[in-house]
Amino acid sequence: MNPYGRKRYLTLDAVLRREFGEKTVKIPLNAGFSCPNRDGKAGFSGCSYCSGALSGEFAGNPRESLSEQFEKTKALYLKKWGETKYIAYLQAGSNTYADVEMLRQVYDTALSLSVVGLSIATRADCLGDDVLELLSEINRKTYLTVELGLQSSSDKTAKRINRGHSYAEFLTGYNALKERNIRVCVHIINGLIGETHEDMLKTARDVAGLEPYEIKIHLMHVIHGTPDERRFLSGELRTLSKEEYIGIVCDQLELLPPETAIGRLTGDGDKATLVAPLWSMDKRSVLGGIDHELRLRGSYQGRLFINDFQQS
C-alpha cells in the first residue's frame, strides 16, 4: 500500500513542510570554494562530468556577495511561490574545503540571510576534525544538512570518472557526520561511463543500507568542455534514454528506506552548455514519467527496502 498519498515517494518538500510548517526552499549560493580534485590534492582535472563551474551553474556569481546572490534568487522564487521560508544552500565547489575560520565566516554570513537552515555541499574527503567540530557547532544552532557527492559506490567507476576518493573514504566521512547527528544528503548519478543497470542498483542498495536523511538522484549530463564530452563524441560514452532512466530511478526508489527524503530525481543541465541527453531539458516529462511508472507497477519508495534489523 502506498504510504505517501498523491506521490509515491517521500519528497523533500513534504519533509520541510513538516519541519517548518510551510513551504521551504533552498537558495543556491556560490562562495567561490575550490575542490581537492582541482587543485592537486586529489587531482587536477576534476571528475570527468564536472564543468568549470564546479556543479554551480545555477548557484550564483562568486564575484557577488552571498547577500547579493541570495536576494536575486529570492526575488525569482517570490514570483514563483510567493512568501516561503528559505534555506541557504552552499552548492558550488567543496564547501568544507578551506581554513576553518574562513568556513566559519562563510557559514555565519549565510545564516544571517533570514534563513531557517543551512545546506552545505562537499566531498567526504574534506571533513577534517576541525571542520567536523565546526559543523557540529552549526548543527546545534540551526537546521543543517551536509550533502556528500558519492555518485557511485563502485571503486571501478570512481577511477573511470576520476572521482579522487574511494567508497571506503566516502564511508569514513559519512559515518563521521552521522556520529555527530548531522543530517546527510547523499548524491548519486545514473548513467556514468561503463556502469550497468546492476551497478546503479547496487549503489542504491549500498546507500539504502546507510539510511541517509536525504538522497539526490541525478542524471549524468554531458557538458561542453568536460572529459565526458570527448568520450561522448568519440562513442566511448553512451547516455541513457529517457525510458531507461525512468525505469532505473523507479527500481532505485523501491530499494530506498521509506524515511529517506527524496531531494531530487533528475538533474538540471545548463541549456547553454548541455551536449546530451537533450530530453533531460523537459524535466516535467521526466518526473511525470517516474510517477506514471510507479503507478503502473503499483509500487512506491521503500517497497523492497530491507535493513539489517528487518533481516534478523
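- Within the structure, side-chain hydrogen bond (donor to acceptor under 3.5 Å, both in side chains) pairs that include any residue of residues 103-117 comprise R104-E137 (at least two apart or interchain).
- Follow the hydrophobic side-chain contacts under 4.5 Å out from L296 and you never reach I290; the two are in separate clusters.
- Residues A261 and V15 approach most closely at CB-CG2, 3.8 Å, considering heavy atoms.
- Tracing side-chain contacts under 4.5 Å through hydrophobic residues (I, L, V, M, F, W, Y), one reaches I188 starting from I246; they form part of the same cluster.
- Residue P212 comes nearest to V186 through the heavy atom pair CB-CG2, 4.0 Å, listed as atom of the first residue, atom of the second, then distance.
- No donor-acceptor distance shorter than 3.5 angstrom exists from the side chain of D291 to the backbone of G288, with no hydrogens or angles considered.
- Within 6.0 Å of atom NZ in K23, more than 12 heavy atoms from other residues, nucleotides or ligands are found, so the atom counts as buried in its surroundings.
- Nearest heavy-atom pair across I182 and S136 is CD1-N, 4.0 Å.
- None of V25, V115, T142, T24 except one satisfies the side chain to side chain contact (heavy atoms under 4.5 Å, CB included) rule with I87; the exception is T24.
- Taken together through direct or relayed side-chain contacts under 4.5 Å among Ile, Leu, Val, Met, Phe, Trp and Tyr, I120 and L16 form parts of separate hydrophobic clusters.
- Between the side chain of E211 and the main chain of P257, no donor-acceptor pair closer than 3.5 Å is present.
- Scanning both residues, T239 and P277, for their nearest heavy atoms gives OG1-CB, 4.1 Å.
- Between F70 and Y86, the two ring planes are perpendicular [angle over 60°; tilted spans 30° to 60°].
- There is no path of hydrophobic side-chain contacts, each under 4.5 Å, that joins V116 to L135.
- Relative orientation of the F170 and Y167 rings is parallel, given thresholds of 30° and 60° on the angle between their planes.
- Neither side chain, T145 nor E214, offers a donor N or O lying under 3.5 Å from an acceptor on the other.
- Across all their heavy atoms, Y77 and P28 have their closest contact at OH-CD, 3.6 Å.
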- Task: Walk me through it: do H221 and S280 pass the test side-chain contact (heavy atoms from CB on, under 4.5 Å)?
- Result: CA-CA 8 Å; H221 293 101; S280 65; 3.5 Å; yes
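- Of the residues listed (L66, N95, V106), the one engaging L29 in a side chain to side chain contact (heavy atoms under 4.5 Å, CB included) is L66, and it is the only one.
- When atom types are taken as modelled, the side chain of R163 and the backbone of G149 share a donor-acceptor pair closer than 3.5 angstrom.
- Within the 3.5 Å criterion, the main-chain N or O of V249 finds no donor-acceptor partner in the side chain of N190.
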- Might you work through the salt bridge (Lys or Arg N to Asp or Glu O under 4.0 Å) test for E293 and R8, ending with a clear yes or no? CA-CA 10 Å; E293 175 63 20; R8 290 178 175 261; over 6 Å; no
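- With no hydrogens or angles considered, no side-chain donor-acceptor pair links T203 and D206 at under 3.5 Å.
- The list of ring-ring contact (aromatic ring centres under 6.0 Å, His included) pairs with a residue in residues 139-159, not counting sequence neighbours, reads F20-Y143.
- Not one N or O on the side chain of Y174 forms a donor-acceptor pair closer than 3.5 Å with the backbone of L150.
- In this model, a donor atom of one side chain and an acceptor atom of the other lie less than 3.5 Å apart for S166 and E169.
- Annotation for H292: atom NE2 does not count as buried by contact number, only 12 or fewer foreign heavy atoms lying within 6.0 Å.
- Under a 4.0 Å N-O distance rule, the pair D199/K202 does not qualify as a salt bridge.
- The neighbour count for E68 CD, taken as heavy atoms of other residues, nucleotides or ligands under 6.0 Å away, is above 12.
- Take Y4 and apply the ring-ring contact (aromatic ring centres under 6.0 Å, His included) test, not counting sequence neighbours, and it matches no residue.
- A salt bridge between D251 and R297 is present, with a side-chain N of the basic residue lying under 4.0 Å from a carboxylate O of the acidic one.
- Y300 and L294 are assigned to two separate hydrophobic clusters, defined by single-linkage of ILVMFWY side chains at heavy-atom distances under 4.5 Å.
- Using a 4.0 Å cut-off between charged side-chain N and carboxylate O, E244 and R238 make a salt bridge.
- For T96 (side chain) and L127 (main-chain N/O), no donor-acceptor pair under 3.5 Å exists by modelled atom type.
- Between the side chain of E22 and the backbone N or O of T84, no donor-acceptor pair lies under 3.5 Å.
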- Report the C-alpha separation of E147 and R264 in whole Å, then their side-chain angles, then the decisive distance to 0.1 Å, and conclude whether the salt bridge (Lys or Arg N to Asp or Glu O under 4.0 Å) test is met. CA-CA 12 Å; E147 303 196 12; R264 181 177 289 277; over 6 Å; no
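- For N162 and S48, the side-chain atoms include no donor-acceptor pair closer than 3.5 Å.
- Applying the 6.0 Å contact sphere to CG of D129 captures no more than 12 heavy atoms from other residues, nucleotides or ligands.
- Across R160 and E195, no two heavy atoms sit closer than the pair NH2-N, 4.1 Å.
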- Take M200 and Y245 through the test side-chain contact (heavy atoms from CB on, under 4.5 Å) and record every step on the way to the result. CA-CA 11 Å; M200 291 177 255; Y245 184 75; over 6 Å; no
